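Structure record follows, encoded as structure tokens.
Here is the naming used below: chain letters follow the sequence lines, and residue numbers restart at 1 for every chain. Excluded from the calculations below are hydrogen atoms, water molecules and symmetry mates; all remaining heavy atoms, backbone and side chain alike, are included. Quick caveat: nothing in here was measured; it's all calculated off a predicted structure.
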2 protein chains.
Amino acid sequence: MAATHSSPVPRNRAPRGSARSALIAAAHATVRRQGYAATSVDEICAVAGVTKGAFFHHFESKEALAVAAAEGWTERARPMFELAPHNRLDDPLARLLGHIDFRLSMLDGPTEDYTCFVGTMVQEAYATSDRIRAACEASINAYCEALAPDIQAAIEAYGVPEDMTAIGLAQHVQSVLQGAFVLAKTTNDPAIARGTVTHLKRYVRMLFGRN
Amino acid sequence: MAATHSSPVPRNRAPRGSARSALIAAAHATVRRQGYAATSVDEICAVAGVTKGAFFHHFESKEALAVAAAEGWTERARPMFELAPHNRLDDPLARLLGHIDFRLSMLDGPTEDYTCFVGTMVQEAYATSDRIRAACEASINAYCEALAPDIQAAIEAYGVPEDMTAIGLAQHVQSVLQGAFVLAKTTNDPAIARGTVTHLKRYVRMLFGRN
DNA sequence: GACAACATACCAACCAGTCGGTATGTAGAA
DNA sequence: TTCTACATACCGACTGGTTGGTATGTTGTC
């Protein structure tokens, strides 16, 4: 019954060395749908198309995969935002508003395709796993810090209320997005999320005197 | 070893009939800390101080408790907001800004004490349990609809951009709050959350021409 | 042949849910 | 008032399946 040493069917397997990234991608997809705790290691392995042996070869625990997946999430998002066309605009405020429009355009299709992996995971793990919490914090931080320079430049170009910082507004942008995802999940529809991000866009325009 | 019919130690037990509400309160506390999937029925029972028998006497499943707890969350929040002093102000915009200040003042102490039970739960359950998703949607909806009349009155009194609705702004308020909770969990500190809600307050003031 | 990259078989702990039973209350008949 | 019949509230041992994790075997590559 077992395959002989010279099986004629090579059992088309994923190329050697791809298991790690496949597991991270599977974690992204599965956790975004069901959350972290409800996702089992077996399930992640099945989605990734590898076995448990491969899983524990690359990660010492489920928690370690979560940390690696949070780092992977940052790497996955970075080029998507950096290479977007609005980044080539000259005016920093136009780049910021372009970014918000870009985020707005992403709010479409199935819920699990536009929601945030680290935002979902940190809600479950902030109190029980400090390693996961810190990894999610780092990912969110990277996003805010990537947004801050354009905001800072816009502040310098257009002025803004005194008690406001670039990083603070970047955190507000991220906050509205995370909240939009939560609201969208309650209806399983991105309509509410688009409404909320539209309010955010209006706020930014008003802040910089462009309404 | 078993207690005799006239045990001198009455084994101080919670009063008869209190198990159901104790279980709901325990669910609120535990899920806010660890999330829904990571919280076991045994754990909820232990926190509530009842046994599994009592649990399954009152709820046919863990999912049924989740639905009841979502409804209980609405009931728990309602009087807190209704009885707050800012509700007695005459001006609707002052009531709205007072509400935001009230929410701001709540962002203090341990994370699990100010975060939202239904917001946490819906992130995990939106795709796997439609009953839980709908119960969370109803709770969030109740909040937005409670906020909408004051917003509507403020719109009528002060005017506002055309393409804006009372319920839409109420949803934006809720969205910012939910996002603030996520960001706060990231650092396990409410400072970011306060910054974000402060941006929200400034937006509302600007919208109604009060900056 | 040595080492990394997998696969397979397995385990103890834990999980949601079940079930037979007990304790407490309550309504009606005598 | 008190006894019977029944309902509700609660208890905790038990079960079958699932969980994260391990131990060991196999395969491809340098």
Next item on the list: Check whether any side-chain nitrogen or oxygen of His58(A) sits under 4.0 Å from OP1 or OP2 of dC6(C), and answer yes or no.
Entry: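 Checking His58(A) against dC6(C): at least one side-chain N or O falls below 4.0 Å of OP1 or OP2.
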Next item on the list: Verify the contact: side-chain N or O of His57(B) to OP1 or OP2 of dC10(D), cut-off strictly under 4.0 Å; return yes or no.
Entry: no
Checklist line | For Thr111(B), the option from Asn188(B), Thr187(B), Thr186(B) that meets side-chain hydrogen bond (donor to acceptor under 3.5 Å, both in side chains) | finding: Asn188(B)
Note to self: Out of the candidates Glu124(A), Lys185(A), Arg32(A), only one should pair with Gln123(B) under the side-chain hydrogen bond (donor to acceptor under 3.5 Å, both in side chains) rule; please name it.
What the structure shows: Lys185(A)
Margin query: Without decimals, in angstroms, what is the distance between Arg20(B) CZ and dT8(D) P?
Written below: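 About 15 Å, once rounded to whole Å.
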Margin query: Expressed as a whole number of angstroms, how long is the span from Glu43(A):CD to dT18(D):P?
Written below: 12 Å
With the criterion being N/O to N/O and under 3.5 Å, what pairs connect the protein with nucleotides 17-22 of chain C, and how long is each?
from: dG17(C); atom 1: OP2; to: Lys62(B); atom 2: N; distance (Å): 2.9
from: dG17(C); atom 1: N7; to: Lys52(B); atom 2: NZ; distance (Å): 3.1
from: dG17(C); atom 1: O6; to: Lys52(B); atom 2: NZ; distance (Å): 2.9

Next item on the list: May I ask you to say what Thr51(B) touches in the nucleic acid, namely base, sugar-phosphate or nothing, with a heavy-atom cut-off under 4.0 Å?
Entry: base
Next item on the list: Give a yes or no answer on whether the side chain of Thr74(A) reaches the backbone of Ala70(A) with a donor-acceptor pair at less than 3.5 Å.
Entry: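 Between the backbone of Ala70(A) and the side chain of Thr74(A) there is a qualifying donor-acceptor contact (under 3.5 Å).
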Next item on the list: Using atom types as modelled and distance alone, determine if a side-chain donor or acceptor of Arg194(A) lies under 3.5 Å from a backbone N or O of Leu107(A).
Entry: yes
Check: If you round to the nearest 0.5 Å, how far is NE2 of His28(A) from OG1 of Thr120(A)?
Finding: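 It is 11.0 Å, given to the nearest 0.5 Å.
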Note to self: Once rounded to the nearest 0.5 Å, what's the spacing between atom OH of Tyr126(B) and atom CE of Met121(B)?
What the structure shows: 15.5 Å
